[in-house]
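Naming: A, B, ... by sequence-line order, numbering from 1 per chain.
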Amino acid sequence: MTQDERNQLFYSIIRCVPHGRVATYGQIASLAGLPKHARHVGVALRKLPAGARVPWHRIVSSRGEIARRAANSGRDCESEQYGLLLDEGIEFDDNDRICLERYQWKPRGEVRVRG
DNA sequence: AAGTTGACGGATG
DNA sequence: TCATCCGCCAACT
């Protein structure tokens with residue numbers, strides 16, 4: 001499996017995360033059949049071309065925090081992700097964290113891949 | 001070829 | 001709950 005194939009796999013799963021819900025890096029990796037590859041989900045998102053139809057902002061850490069290092073990829077993703085999630089009706093607590101119990105995506109049945 | 005790095009995660013104190 | 005420390009693994013140096 002090439003790096004690009006792996007990235008596409010992650011992207012196709014991330015595209016399944018519905019509006020108003022979030023998923024964690026580790027969750028996406030597991031759904032892809034690649035547990036313990038949470039970091040590579042981040043790698044894939046870092047390489048995501050601007051304008052791709054992938055809801056990258058719905059991916060948060062296992063603690064419900066949004067990524068800060070995303071600023072490395074050129075633009076200020078931290079505030080951008082924050083705003084996009086707010087637009088979807090997702091609320092943050094006083095520590096800028098998302099309540100995963102409430103907003104984490106729980107896929108029903110098989111996740112359709114390569115759609 | 002070997003060491004470093006990273007949009008991470010879980011265990012531990 | 002927060003801080004730290006490891007485990008992880010492929011891309012990059």
Given dC8(B), is OP1 or OP2 found less than 4.0 Å from the side-chain N or O atoms of Thr24(A)? no

N or O in side chain of Arg39(A) less than 4.0 angstrom from dG10(B) OP1/OP2: no

In terms of side-chain heavy atoms of Arg6(A), which of dA11(C), dG6(B), dC9(C) is nearest? dA11(C)

May I have the distance from Glu65(A) (atom CD) to dT1(C) (atom P), rounded to whole angstrom? 12 Å

Rounded to the nearest angstrom, tell me the gap between atom CD in Gln27(A) and atom C1' in dA7(B). 16 Å

What is the distance, to the nearest angstrom, from the CG atom on Asp93(A) to the P atom on dT1(C)? 10 Å

Between dA11(C) atom C1' and Leu45(A) atom CG, what is the distance in whole Å? 16 Å

For the side chain of Tyr25(A), starting at C-beta, report the closest nucleotide among dG10(B), dC8(B), dG6(B). dC8(B)

Nucleotide dC8(B), atom C1' - distance to CZ of Arg97(A) in whole Å: 16 Å

Nearest-nucleotide 5' precedence on DNA chain C, Asn95(A) against Gln3(A): Asn95(A)

Whole-Å distance, Asp4(A) CG to dA10(C) C1', equals 14 Å

Would you kindly confirm whether Phe92(A) and Tyr103(A) end up in one hydrophobic cluster when ILVMFWY residues are joined by side chain heavy atoms under 4.5 Å apart? yes

Separation of atom CD1 in Ile59(A) from atom C1' in dG6(B), rounded to whole Å: 17 Å

Over all atoms of both residues, closest heavy-atom pair of Cys16(A) and Ser12(A): SG-O, 3.4 Å

Residue that, paired with Glu5(A), satisfies side chain to side chain contact (heavy atoms under 4.5 Å, CB included) out of Asn7(A), Leu9(A), Thr2(A): Thr2(A)

Over how many whole Å does the gap from His37(A) atom NE2 to dG10(B) atom C1' extend? 16 Å

Could you check which of dC8(B), dA7(B), dC12(C) has an atom nearest any side-chain atom of Ala38(A)? dC8(B)

Identify which nucleotide among dA7(B), dA10(C), dA11(C) has an atom closest to any side-chain atom of Lys47(A), counting heavy atoms from C-beta outward. dA11(C)

Sugar-phosphate, base or nothing in reach of His40(A), heavy atoms under 4.0 Å: base

At under 4.0 Å, does any side-chain N or O of Lys36(A) touch on OP1 or OP2 of dA10(C)? no

Looking at every strand, decide which applies to Arg63(A) at a 4.0 Å heavy-atom threshold: base, sugar-phosphate, or nothing. nothing

Do Leu100(A) and Tyr82(A) sit in one hydrophobic cluster, given that two such residues count as connected whenever their side-chain heavy atoms are within less than 4.5 Å of each other, even indirectly? yes

Using side-chain heavy atoms (C-beta onward) and a distance below 4.5 Å, is Val41(A) in contact with Gln27(A)? no

Of the listed nucleotides (dG10(B), dA10(C), dA7(B)), which one gets closest to any side-chain atom of Ser62(A)? dG10(B)

